[in-house]
Amino acid sequence: MTQPNPETALSQMERDRLAVYVAGDQLGTPWWYWPFIGLAVGVNIAGADLPKAAAIAISLTAAVAIGVVVGRIVARSGFMPKLRGMPTPLRRPLIAYWIVCAVPIGAVAAAHLVETTVPFAVLGAVSGLVIALAGWLTERRYIAIAKRLADEAGLTT
Amino acid sequence: VSDLDPVIHAPKRLRIMSILNATDSVEFARLQEVLDLAAPDLSKQTRALADAGYVRIRKTGRGPGSATWFELTRQGRAAFRSYVTALRALIGDPTGGR
C-alpha cells in the first residue's frame with residue numbers, strides 16, 4: 001500500500017469530506033417529508049388550545065412521529081451530518097433556515113407567556129406552513145449548492 | 001513521516017478517518033460508495049481502526065433492513081487531529097488544520 005505524500009493526503013481528505021455531503025443519490029428527502037414535519041409541528045402547537053392531557057398526548061405523539069421519520073431519513077441518506085464538518089457553503093442555508101423557523105417558534109413561546117387572543121390553532125397553522133415551506137426551499141438550495149460543489153470538485157452526483 | 005500514526009497513515013484508513021471526522025456517523029454502504037472500496041476491504045480497514053480504539057461500530061436492525069454504522073471515538077478524533085497537525089507541520093502549514 002503506497003503511503004500518500006502530505007500534500008496529496010490533505011487534498012484527498014478535503015475531497016472525501018466534501019464527497020460525503022455532496023455526492024450520491026440520496027441528497028434530497030421524499031416529497032412528503034417537509035409537509036409531514038410542518039403538519040406534526042403545527043398539530044403539536046395547535047394542541048395547546050386543548051385540555052392539558054390531550055395537549056400532552058398530541059405533543060408526545062408528534063415528537064415520536066418526527067423522531068421516527070427523521071431517523072428513517074438519516075438511515076436512507078447513510079450519514080448523520082455534523083454542522084462543524086459540513087462545507088461552509090452548505091452550512092449557510094441551514095443556519096438561515098433555523099433563523100427563519102425561530103420567528104414562528106418565538107411567537108408561540110411569546111403567546112404562552114402573555115395574554116393573547118390569537119388561538120394556538122392559528123399559530124400552529126402558520127408555524128407548520130413556515131417550517132414546511134422554508135424547509136423545502138432550504139433543501140432545494142442545499143441540493144443546488146451540493147451539485148455545484150460536486151461539479152467543481154469533479155465528484156459524481 | 002515515520003512519526004505519523006501508522007494506523008491512520010495507511011491511505012484507505014486515512015480516507016475513512018477523514019470522512020468520519022466530518023460527520024457524526026456514516027453507514028457502511030454510504031462509506032463504500034464515497035470510497036469506492038470493495039465490502040471486504042472496507043470491513044478489514046474499519047476493523048483495524050476499531051481495534052485501535054479509533055472507530056466505534058454500531059449495528060442497527062435485523063435481516064435485510066440491518067445496517068452497520070461507523071463513528072469516531074473520542075480517542076479517534078484526538079488521534080486524527082494530531083495526525084492532521086503533524087501532516088500540516090510536514091509541509092510547513094502552520095494552521096494545524098482540522
Side-chain angles (χ1 to χ4, degrees), chain A residues 1-29 67-92 94 142-143 145-147 149-157, chain B residues 1-6 8-37 41 44-45 48 58-61 65-72 77 80-81 83-93 95-98:
Chain A
M1 202 176 336
T2 313
Q3 302 295 344
N5 71 51
E7 288 92 347
T8 308
L10 286 167
S11 163
Q12 183 64 56
M13 283 160 53
E14 195 53 37
R15 243 175 100 80
D16 288 332
R17 183 176 78 93
L18 178 65
V20 78
Y21 282 97
V22 305
D25 300 327
Q26 307 295 334
L27 277 179
T29 56
V68 168
V69 167
V70 170
R72 294 291 290 268
I73 295 297
V74 167
R76 177 177 174 271
S77 74
F79 75 108
M80 177 71 92
K82 191 172 75 168
L83 204 60
R84 278 185 65 190
M86 191 176 285
T88 308
L90 292 172
R91 203 185 304 163
R92 285 194 196 113
L94 296 186
Y142 180 102
I143 291 171
I145 295 170
K147 285 189 170 159
L149 292 175
D151 282 347
E152 286 171 3
L155 297 164
T156 312
T157 52
Chain B
V1 174
S2 61
D3 289 341
L4 293 171
D5 185 333
I8 302 178
H9 194 51
K12 290 171 187 171
R13 292 200 289 271
L14 174 57
R15 296 186 68 192
I16 293 169
M17 291 291 285
S18 175
I19 290 170
L20 295 182
N21 186 57
T23 56
D24 273 341
S25 54
V26 181
E27 200 266 322
F28 189 97
R30 178 69 168 173
L31 203 50
Q32 198 185 352
E33 178 191 29
V34 172
L35 296 170
D36 196 21
L37 285 182
D41 196 5
K44 184 181 148 193
Q45 304 301 337
R58 184 166 49 88
K59 292 187 185 295
T60 60
S66 65
T68 302
W69 290 76
F70 303 104
E71 61 191 52
L72 285 191
R77 287 200 191 277
F80 184 73
R81 267 198 306 273
Y83 178 88
V84 174
T85 303
L87 204 59
R88 287 189 187 278
L90 276 177
I91 58 170
D93 179 348
T95 62
R98 277 200 307 167

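Proteins get letters first, then strands, A, B, ... in listed order; numbering begins at 1 in each.
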Practice task
State the CG-CD distance between B:L87 and A:E7, to the nearest 0.5 angstrom.
Solution key: 8.5 Å
Fill in the blank from the handout: Answer key: most heavy-atom pairs under 4.5 Å with chain A among B:L35, B:T23, B:V26 is B:T23
Practice task
Would you name the heavy atoms of B:D24 and A:P81 that are closest together and state the gap between them?
Solution key: OD2-O, 3.8 Å
Exercise for the section: Would you indicate whether B:R58, at its atom CZ, is surrounded by more than 12 heavy atoms from other residues, nucleotides or ligands within a distance under 6.0 Å? Expected result: yes
Handout entry: NZ (A:K82) with more than 12 external heavy atoms under 6.0 Å
Key = yes
Problem - B:L31 side chain reached by A:F79 side chain, heavy atoms, under 4.5 Å - result: no
Practice task
Please tell me if the side chains of A:M13 and B:N21 come closer than 4.5 Å, counting only heavy atoms from C-beta onward.
Solution key: no
Problem - Any donor-acceptor pair under 3.5 Å from A:R17 side chain to B:S18 backbone - result: no
Handout entry: Atom of B:I19, atom of A:V20 and distance for their closest heavy-atom approach
Key = CG2-CG2, 3.9 Å
Handout entry: Contact winner vs chain A - B:M17, B:E27, B:R15, B:E71, heavy-atom pairs under 4.5 Å
Key = B:R15
